Protein chains: 2
Amino acid sequence: MNYSRQREVILQTLQSNVVHPTAEYLYAILKEKEPNISLATLYRNLNQLAENDIIKKIDGLESSSHFDHNTNEHYHFICERCKKVYDIKDDVAPDVVKKAEQETGFLIKKHDIVFSGLCSDCLKEIKESN
Amino acid sequence: MNYSRQREVILQTLQSNVVHPTAEYLYAILKEKEPNISLATLYRNLNQLAENDIIKKIDGLESSSHFDHNTNEHYHFICERCKKVYDIKDDVAPDVVKKAEQETGFLIKKHDIVFSGLCSDCLKEIKESN
DNA sequence: ATATAAAATAAGAATTGTTATCATTTTTGG
DNA sequence: CCAAAAATGATAACAATTCTTATTTTATAT
C-alpha cells in the first residue's frame with residue numbers, strides 16, 4: 001500500500017470525526033477538505049483499509065440477503081471460500097439480548113450474529129491440497 | 001395476507017429446499033415450477049413472509065455499510081427510528097467465537113453482532129409524545 | 001537527480017441487488 | 001356472484017458499489 005494524500009484524509013476524517021459513518025456521509029465531509037476526491041477513491045480506500053485491519057467495515061459480511069425458513073433463534077456462519085451459509089446454535093451467546101439491553105437501556109427487537117471464516121469442508125480440502 | 005399460488009410455491013421451495021438461499025438462487029429454482037413468476041413477486045413475498053415471521057431475512061439489517069475506526073472488539077446497534085449506530089461492548093457475548101468454533105469445527109476469522117430496535121433517545125421521545 | 005515500474009487517482013459508465021409503479025388479474029367476504 | 005382488497009407480471013427506477021480507462025503520483029534503483 002503506497003501513500004496517498006487522499007487515503008490519509010479519508011483515514012483522518014474517519015478517525016477524528018463521527019463514528020460509524022456510511023460512505024455517502026463520509027463523502028460529503030471529505031469534499032470540504034478534498035473537493036476533487038472521487039467516490040470510487042473513497043470506496044477503494046475504505047475497502048483497502050478494512051482489508052488491512054486499519055478500520056472496520058460493518059455490514060452483514062455479504063452483499064445480498066439470504067432467506068431462512070427456520071425462524072427459531074439461531075445465528076449464521078458464511079464460509080469465505082465456498083460461500084455456504086451454516087446455522088450456529090444460539091447457545092453460543094446466552095442472554096445476549098438481555099445483557100445488551102441492561103448495558104444500554106435500549107429496546108432490542110432483533111439481532112443476529114454473523115460469523116465468517118472457513119467451514120470444516122473447506123479446511124479439510126485446504127489441508128489435503130498441501 | 002390473501003392466498004396466492006405464487007407465495008405458496010415460494011414458501012414451499014424455501015421450506016423444502018436448500019437452506020439460506022439468496023433471492024437470485026431461489027428465483028432460478030422457482031422458474032421451473034412457476035415459469036412466469038416475476039422477480040418483483042419473489043422479493044415482495046419474501047419481505048412479506050419475513051415481516052410476518054414466517055421466514056427470516058438474514059442481512060446486516062441495513063442497506064449500506066458503515067465504517068468504524070475502532071478496531072477493538074465490539075458490536076453494534078442500529079436504531080430503527082433515528083438510524084444512528086451505537087457501539088455495544090463485547091462482554092455481552094463472552095467467548096462467543098471459542099464456543100462457536102467448538103460446536104462447529106470451523107475456523108472463525110471474523111464476527112459481528114448487529115442489534116436493532118429503539119435507542120434510549122428515541123424511546124424517550126416516543127414516550128413524551130404520548 | 002532521473003528513469004521507470006507499480007500504485008493510486010478522477011470521472012463516469014456499468015453492475016448488482018432491490019424496490020416502486022401501474023395496468024391487469026386473482027382472491028375473498030357479503 | 002359482485003365489489004373491494006390484495007396480488008401479480010413487466011419493467012422502470014433506484015441506491016450502493018465496483019469497474020474501466022486514461023492520467024498522475026509514489027517508490028525504487030540506478
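Chain A is the first sequence line, chain B the second, and so forth, proteins listed ahead of strands; every chain is numbered from 1. These numbers were taken from a predicted model, which means no experiment stands behind them.
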| query | Quick one: does His111(A)'s side chain have a donor or acceptor within less than 3.5 Å of a partner on Val114(B)'s backbone? | reply | no

| remark: By nearest-nucleotide position on DNA chain C, the 5'-leaning member of Tyr43(B) and Tyr27(A) is Tyr27(A)

| Nearest-Å distance, NZ (Lys57(A)) to P (dA16(D))? | 14 Å

| Does the gap between the ring centers of Phe106(B) and Tyr86(A) come in under 6.0 Å? | yes

| Ile37(A) backbone acceptor or donor facing Tyr27(A) side chain under 3.5 Å | yes

| message | Tell me whether Asn52(B) contacts the main-chain N or O of Ile54(B) through its side chain, where contact means a donor paired with an acceptor under 3.5 Å. | response | no

| said: I'd like to know whether NZ of Lys89(A) has more than 12 heavy-atom contacts from other residues, nucleotides or ligands below 6.0 angstrom. | reply: no

| Between the first and last five pairs of the helix from dA1(C)-dT30(D) to dG30(C)-dC1(D), the angle of the axes, rounded to 10 degrees | 40°

| field | Polar side chain donor-acceptor pair, Asn47(A) to Lys57(A), under 3.5 angstrom | value | yes

| query | Is it true that a side-chain atom of Glu101(B) and a backbone atom of Ile108(B) form a donor plus acceptor pair closer than 3.5 Å? | reply | yes

| Heavy-atom contact window of chain A on DNA chain C, given 5' to 3' at under 4.0 Å | dA7(C) to dT18(C)

| said: For the residue pair His20(B) / Tyr25(B), report whether a side-chain donor-acceptor contact shorter than 3.5 Å exists. | reply: no

| Which part of the nucleic acid does Thr22(A) contact within heavy-atom distance under 4.0 Å: base, sugar-phosphate only, or nothing? | nothing

| field | Letter per nucleotide, 5' to 3', of nucleotides 5-14 of chain D [B base touched, S only sugar-phosphate touched, - untouched; heavy atoms, 4.0 Å] | value | -SSBBBB---

| Can a donor-acceptor pair be found between the side chains of Asp90(A) and His74(A) at a distance below 3.5 Å? | no

| message | Less than 4.0 angstrom from a charged side-chain N to a carboxylate O is my criterion; do Arg5(A) and Glu34(A) meet it? | response | yes

